[in-house]
S.K.: 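Would you mind keeping the following structure in view while I ask a few things?
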Protein chains: 2
Amino acid sequence: MPQIIIADDHPMVRGALALAVESAFDQPEILECAHLAGVTQLLESIGAADLLLLDLRMPGVDGFEGLVRIRSQFPATPVVVISALEDPRLVREALALGAMGFIPKSTPRAEIVAALSLVAAGGTYRPDDLALAEPAPDPKGQAADDDFLQRVLTLTPQQRRVLQLLGTGKLNKEIAYDLDIAETTVKAHVSSILHKLRVYSRTQAVVMAGRLHLDSFADVAEG
Amino acid sequence: MPQIIIADDHPMVRGALALAVESAFDQPEILECAHLAGVTQLLESIGAADLLLLDLRMPGVDGFEGLVRIRSQFPATPVVVISALEDPRLVREALALGAMGFIPKSTPRAEIVAALSLVAAGGTYRPDDLALAEPAPDPKGQAADDDFLQRVLTLTPQQRRVLQLLGTGKLNKEIAYDLDIAETTVKAHVSSILHKLRVYSRTQAVVMAGRLHLDSFADVAEG
DNA sequence: GTGCCAATTGTACTTTGGTACAAGGGTAGT
DNA sequence: ACTACCCTTGTACCAAAGTACAATTGGCAC
C-alpha cells in the first residue's frame, strides 16, 4: 500500500491531485499537508514515502528551498514538483535539484496520472512541449547568461543544493547544519562552486545565480 | 552657455532629448554620448557639466551602477535619470542615489522641458502621478518587504551607493576604489548598513536588497 | 557659536570565507 | 579489479569581512 504525500496549501489543488493519485496507484494511502513543516513531521514519523507531490510555493517554502531541504533530509523519498509556472529554467532547475518530475498545474488530469505512473516506475517526467523546445536560443543578448547557465549545469547535485542555500544568504555554518554535513565540507563545495562558476566570492555567485531566475521576467525590459 | 550632456545609446532618444534641452535652456552646448566611458571622459576634460541626462541602461551601465559612479566621481554635476521604466521603487532609488530627477521616456515633450527647467533651477523632478500614488499599499503579502524597504530608506546616500556596489558582488577593496575612499571607510559603511538592515552578512544584504527590484515583476506569481 | 550628523580614516581584533593538500568511503562503469 | 567521480572530512594557512573604539573634518540647523 503505497504512501503518497500531497503537499500544497490549496485544498482544491490537493483534491485534484488526490484524484490523480488514486488513478495512478493501487489503493494508495494519501497524506495531505498544507505546509512544509507538516511534510517534515510526516516523513520523520514514517521514515520515507513512496512519493511526495510538492508545491513550489507554500507557507514556509519559497521556491526551491523546500525541495532542497526535503531532498537532503529524506533522499529516499522521490519528489515531484507541482507548480503554477512552467518556465523551462524552473523545470531544469527542479530536476537538477533532485526532483523526479515537474508537473505544471495546467496539465490535464490524464497526463498527470501518466506522469505519476512514470515516476513511480523510476522515470522522470517533465512537460513534453518544453522538453525539447527549451534549447531554443534567444536572439537577444543573453549569451553571457547562457554561458553562466552552462557552468551551473556542471555543478554536482549537492553543490547545487549548497548554491541554493548560498542564495538565501546563509553562512557556511548554517548551510552545514541544514544539509547535516561538516562546515569543512561546505567550504569544499563552495570553493568548487566558485571555481566552476568562475567568480571569486560567494556574493558574486549569488548575484549571478540570482539573475538566472529573473531573466524569465527581465524581458519587461528597458532601453 | 550651459553645457548639457545627453547620454543614451539610442540616437533617436538623444535627438528627442536634445530638442527638449534646446527648449529648456538658453543656447545650450549639447554633448552626446552613447556609452558611459564617454561620459566619464567628457566630465574629466570639462570638469563638470551643468546637467547630465543619463539613461539607465547603456553599454557599460546596467541599472544604477553608472549613476553611482558618476555621482561619486563628479558630485558637482547634477544628474537626471532617463528610463523606459517608471516603477516607483526605481524612481525612489534613483533619487536616493543622488539623481536630481527621474524622467520616464513616455513623458510628453512639454513636460520634459518643464522638468529640465525645474532641475536647472535647483529642484528635483519625478513623474507626478507616481509622486503620491506610490504609497498605495498592496493588499498582498509584501509587508515584510516593506519593512525592509523602510530600513533601506534609513541609509545615508553614501551608504546606498555602497549597497548598490555590494549588489554587484564587489569586494570591499573594489568598492573603495570605485568610490575613491579607503577600504576602512567601506567597512564602516558596510557595518552600518548591516545593522540598519538587520542582517549579518553582506550576502544577505544583497539577497534582500535584490528582492526589492524584483518585486515589480514578482506578481507574475506562483501558486 | 554650539550641537548634530554624515563622512572619513585609523588601529586593533575576531570571525567568516576561501584555498591547498591529503585522504577514506561509496558507487558506477570498463 | 581498476578507474573515475562524488561526497565526505581534516589540518593548516591566508585573505576578506565585520566589529569596536576613537578621532577629525565639514555642512547644516538652532
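Protein chains get the first letters and strands the later ones, always in sequence-line order, with residue 1 at the start of each.
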S.K.: Assess the side chains of Lys170(A) and Gln204(B): does a donor N or O sit below 3.5 Å from an acceptor N or O?
M.R.: no

S.K.: Select one nucleotide: of dG18(D), dT9(C), dG18(C), the one nearest the side-chain heavy atoms of Arg202(A).
M.R.: dG18(C)

S.K.: By nearest heavy atom, map Lys196(A) and Asp180(A) onto DNA chain D; which one lands nearer the 5' end?
M.R.: Lys196(A)

S.K.: Could you check whether any side-chain heavy atom of Ile5(A) comes within less than 4.5 Å of a side-chain heavy atom of Cys33(A), counting everything from C-beta outward?
M.R.: yes

S.K.: Is Ile4(A) close to Phe25(A) at the side-chain level, that is, under 4.5 Å between some pair of heavy atoms?
M.R.: yes

S.K.: What's the CD-P distance between Gln158(B) and dG26(D), to the nearest Å?
M.R.: 17 Å

S.K.: Ignoring hydrogens, what is the shortest heavy-atom contact between Val113(B) and Ala20(B)? Give both atom names and the distance.
M.R.: CG2-O, 3.8 Å

S.K.: State the CG-CD1 distance between Asp55(A) and Ile103(A), to the nearest 0.5 angstrom.
M.R.: 12.0 Å

S.K.: I want to verify a distance call: between dA7(C), dG18(C), dG10(C), whose nearest atom is closest to the Leu194(A) side chain?
M.R.: dG18(C)

S.K.: Mind calculating the distance between CG (Leu171(B)) and C1' (dG18(D)) to the nearest angstrom?
M.R.: 14 Å

S.K.: Below the 4.0 Å mark, does dT9(D) have OP1 or OP2 next to a side-chain nitrogen or oxygen of Thr185(A)?
M.R.: yes

S.K.: Whole Å only: how far is the CG atom of Leu165(A) from the C1' atom of dG17(C)?
M.R.: 16 Å

S.K.: So which nucleotide from dG18(C), dG10(D), dG18(D) ends up closest to the side chain of Ser191(B)?
M.R.: dG18(D)

S.K.: Counting only side-chain nitrogens and oxygens, does His189(A) get under 4.0 Å of the OP1 or OP2 atom of dC6(D)?
M.R.: no

S.K.: Return the nearest nucleotide to the side chain of His195(A); candidates are dT19(C), dT16(C), dT9(C).
M.R.: dT19(C)

S.K.: Answer yes or no: is there a side-chain heavy-atom contact under 4.5 Å between His189(A) and Arg161(A)?
M.R.: no

S.K.: Could you tell me how far apart Leu166(B) (CG) and dG17(C) (P) are, to the nearest whole angstrom?
M.R.: 15 Å

S.K.: Just the rounded figure in Å: distance from C1' of dG17(C) to NZ of Lys173(B).
M.R.: 14 Å

S.K.: Have a look at the helix from dG1(C)-dC30(D) to dT30(C)-dA1(D) and give the angle its two end axes make, five pairs each, rounded to 10 degrees.
M.R.: 40°

S.K.: Ignoring hydrogens and geometry, is there a side-chain-to-backbone donor-acceptor pair from Thr77(B) to Ala49(B) under 3.5 Å?
M.R.: yes

S.K.: Check for a donor-acceptor pair, side chain of Asn172(B) on one end and backbone N or O of Glu183(B) on the other, with a separation under 3.5 Å.
M.R.: no

S.K.: Side chain of Ile181(A) only, please: which of dT9(D), dA16(D), dT8(C) is the nearest?
M.R.: dT9(D)

S.K.: Starting from P on dG18(D), measure out to OH on Tyr200(B) and report it in whole angstrom.
M.R.: 13 Å

S.K.: Taking the nucleotide of DNA chain C with the closest heavy atom to each, which residue, Val190(A) or Thr184(B), is nearer the 5' end?
M.R.: Thr184(B)

S.K.: Does Asn172(B) place a side-chain N or O at less than 4.0 Å from the phosphate oxygens OP1/OP2 of dA17(D)?
M.R.: yes

S.K.: Figure out the CD/P separation between Glu183(A) and dT15(C), and round it to whole Å.
M.R.: 13 Å

S.K.: Can you tell me the distance, in whole Å, between the NZ atom of Lys187(B) and the C1' atom of dA12(C)?
M.R.: 11 Å

